Number of protein chains: 2
Amino acid sequence: MILARLILGLLTLAPMTGYDLKKHFDSSINHFWNADKAQIYRTLNKLVEDGLAVVRVVPQENYPDRQEHHITDAGRAALAAWLNTGLDAEPVREPFLARLFFSGELERENVMRLLRARRSEVTDRLEEYRAQRAGLGDVSGYDRRAYLMAATLEREVGRTEAELKWLRSVERSMP
Amino acid sequence: MILARLILGLLTLAPMTGYDLKKHFDSSINHFWNADKAQIYRTLNKLVEDGLAVVRVVPQENYPDRQEHHITDAGRAALAAWLNTGLDAEPVREPFLARLFFSGELERENVMRLLRARRSEVTDRLEEYRAQRAGLGDVSGYDRRAYLMAATLEREVGRTEAELKWLRSVERSMP
DNA sequence: CGTGGTTAGGCGACGAATCACCTAGTAGGT
DNA sequence: ACCTACTAGGTGATTCGTCGCCTAACCACG
């Protein structure tokens, strides 16, 4: 359901193929969502079935035809309707914390290894976010649309920094 | 899969019924996981099938029998094996950011309403976490097990504070 | 006396998501 | 000549998760 909305949102930026969408999920919006390619193609089919998008086949030389999906007026309306509904409850899922919570029986060194592995991962992620942010340039002076897109990235930067700080503190003071 | 591990982890703390487990997911570990009760019961059955847990029926007066699930040695081994594997990739899913990212076409006031609703929710959550933390008392001087359990909560406090800070900044400077 | 919450366990249907695999041509590197 | 990656689009199986519903007795409130 939410994947359908996200795809509609991306289609407002430009008409796209399933392949294009997958690339967006893997790069530009990877800080807040990801999706399996099989699921993207299935969801696109459903959007077309429901009249929220239409396909235009664009033949290419030397490459497979592009099945460009264009959002329809009904699609734009469905997207707007979603954006104006109240916030829904978000399921909490933190696999790393799930591990750490039960790691008390492990030897101290093994827990430290876990924490260091996590820190390395989180540091890399932070680097990626910062590189992405640098690619956006100066946000002030942007319109609301660009501002909000940059803001979502900023939120992840902030929360990732908070985790790094926490990780260092745990590594320092764990008994 | 991960749910099975979490349940095994909880069963190391004490033998539990599906009902008990559900309460834990809703309270003590709600800062990093939640689970549907139907799924909990199904997973418990699978654990028993796989020999990772055994059931002991405890009859009660005036109340339904308790089907206490006890972790077995095989279960403890499976849990330890999981805890010693490398970190696996975590899927990113931030429904709120997904909305905000595409909210650029909304009127400014509607976006502000969204941000304020979020801030109210996040503030409540932070209060809950802090109350839970207060209930744990002083962490220093604890053993590693208790320390790590408290630390997972601390991580969420930190990241929630980071989001609040970010929310206030966005509310202040959104064009 | 009825209503709603607690304890305890469950089923069935559906939808969402993942995993592995497949087609098929182009292009670049070793 | 071979291997890998990129472009583009899928299928099928299976698992995971949610939603709604059901049984059944107890307890407290008004």
Side-chain angles (χ1 to χ4, degrees), chain A residues 1-8 10-11 14-27 30 32-50 53 55-70 82 88-95 98, chain B residues 1-8 10 14-27 30 32-50 53 55-70 88-95 98:
Chain A
M1 205 86 281
I2 180 148
L3 181 60
R5 272 90 181 241
L6 291 190
I7 290 179
L8 281 179
L10 289 172
L11 292 184
M16 289 188 212
T17 66
Y19 190 78
D20 294 337
L21 286 164
K22 178 58 179 161
K23 281 197 292 187
H24 271 91
F25 279 105
D26 288 345
S27 58
N30 74 112
F32 68 81
W33 211 266
N34 62 49
D36 186 87
K37 111 193 171 38
Q39 198 58 23
I40 291 172
Y41 282 110
R42 270 187 266 261
T43 305
L44 275 175
N45 288 341
K46 222 206 135 222
L47 289 177
V48 173
E49 263 178 52
D50 295 348
V55 192
R56 222 190 80 209
V57 179
V58 180
Q60 294 189 114
E61 277 172 36
N62 299 340
Y63 284 103
D65 293 356
R66 287 173 57 77
Q67 302 209 11
E68 265 183 8
H69 288 73
H70 296 246
W82 171 56
D88 26 43
E90 301 188 3
V92 189
R93 240 129 237 216
E94 300 283 350
Chain B
M1 207 85 280
I2 181 148
L3 181 60
R5 272 93 181 238
L6 291 189
I7 291 179
L8 281 179
L10 289 172
M16 290 187 212
T17 66
Y19 191 80
D20 294 337
L21 286 164
K22 177 57 179 161
K23 282 196 292 185
H24 271 91
F25 280 104
D26 288 345
S27 57
N30 74 111
F32 68 83
W33 212 266
N34 63 47
D36 186 87
K37 109 193 172 40
Q39 199 59 23
I40 291 172
Y41 281 110
R42 268 189 272 263
T43 305
L44 275 175
N45 287 340
K46 222 205 135 225
L47 289 177
V48 172
E49 262 178 53
D50 296 349
V55 193
R56 221 190 80 210
V57 180
V58 181
Q60 294 189 114
E61 276 170 37
N62 299 340
Y63 284 104
D65 293 356
R66 288 173 56 78
Q67 301 207 13
E68 265 183 7
H69 288 72
H70 297 245
D88 26 43
E90 300 188 3
V92 189
R93 240 130 238 214
E94 299 284 348

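In what follows, chains carry the letters A, B, and so on, assigned in the order in which the sequence lines appear, proteins first and then strands, with residues in each chain numbered from 1. Model, not experiment: these values are computed from the prediction.
Taking side-chain N and O atoms only, Gln60(B) has a distance below 4.0 Å to OP1 or OP2 of dA8(C). For dG9(D), one of the phosphate oxygens OP1 or OP2 lies less than 4.0 angstrom from a side-chain nitrogen or oxygen of Thr17(A).
Nucleic acid contact class of Arg42(A) (heavy atoms, under 4.0 Å, all strands): base. Looking at heavy-atom distances under 4.0 Å, Asp36(B) makes contact with a base.
Under a 3.5 Å cut-off, the side chain of Asp26(A) and the backbone N or O of Lys23(A) do not form any donor-acceptor pair. Distance alone, capped at 3.5 Å, is enough to place a donor-acceptor pair between the Lys22(B) side chain and the Ala35(B) backbone.
Heavy atoms only, all atoms of each residue included: Asn34(B) and Val92(A) are closest at ND2-N, 2.9 Å. Closest of all the heavy-atom pairs between Ala98(B) and Leu6(A) is CB-CD2, 3.4 Å. Scanning all heavy atoms of the two residues, the minimum distance from Tyr41(A) to Tyr19(A) falls at OH-N, 3.5 Å.
Defining each end axis of the helix from dC1(C)-dG30(D) to dT30(C)-dA1(D) as the rotation carrying four pairs' C1' atoms onto the next four, with five pairs an end, the two axes are found to diverge by 30° to 10 degrees.
Evaluation of the side chain to side chain contact (heavy atoms under 4.5 Å, CB included) rule for Asp65(B) yields Val57(B), Pro59(B) as partners, not counting sequence neighbours.
Proximity note for Tyr19(A) (side chain, C-beta onward) versus dA8(C), dC6(D), dC19(C): the nearest is dC6(D).
Distance, Arg93(B) CZ to dA16(C) P: 12 Å, rounded to whole Å. The distance from atom CD of Gln39(A) to atom P of dA20(C) is 16 Å, rounded to the nearest whole Å. The separation between Lys37(B) atom NZ and dT23(D) atom P is 14 Å, rounded to whole Å.
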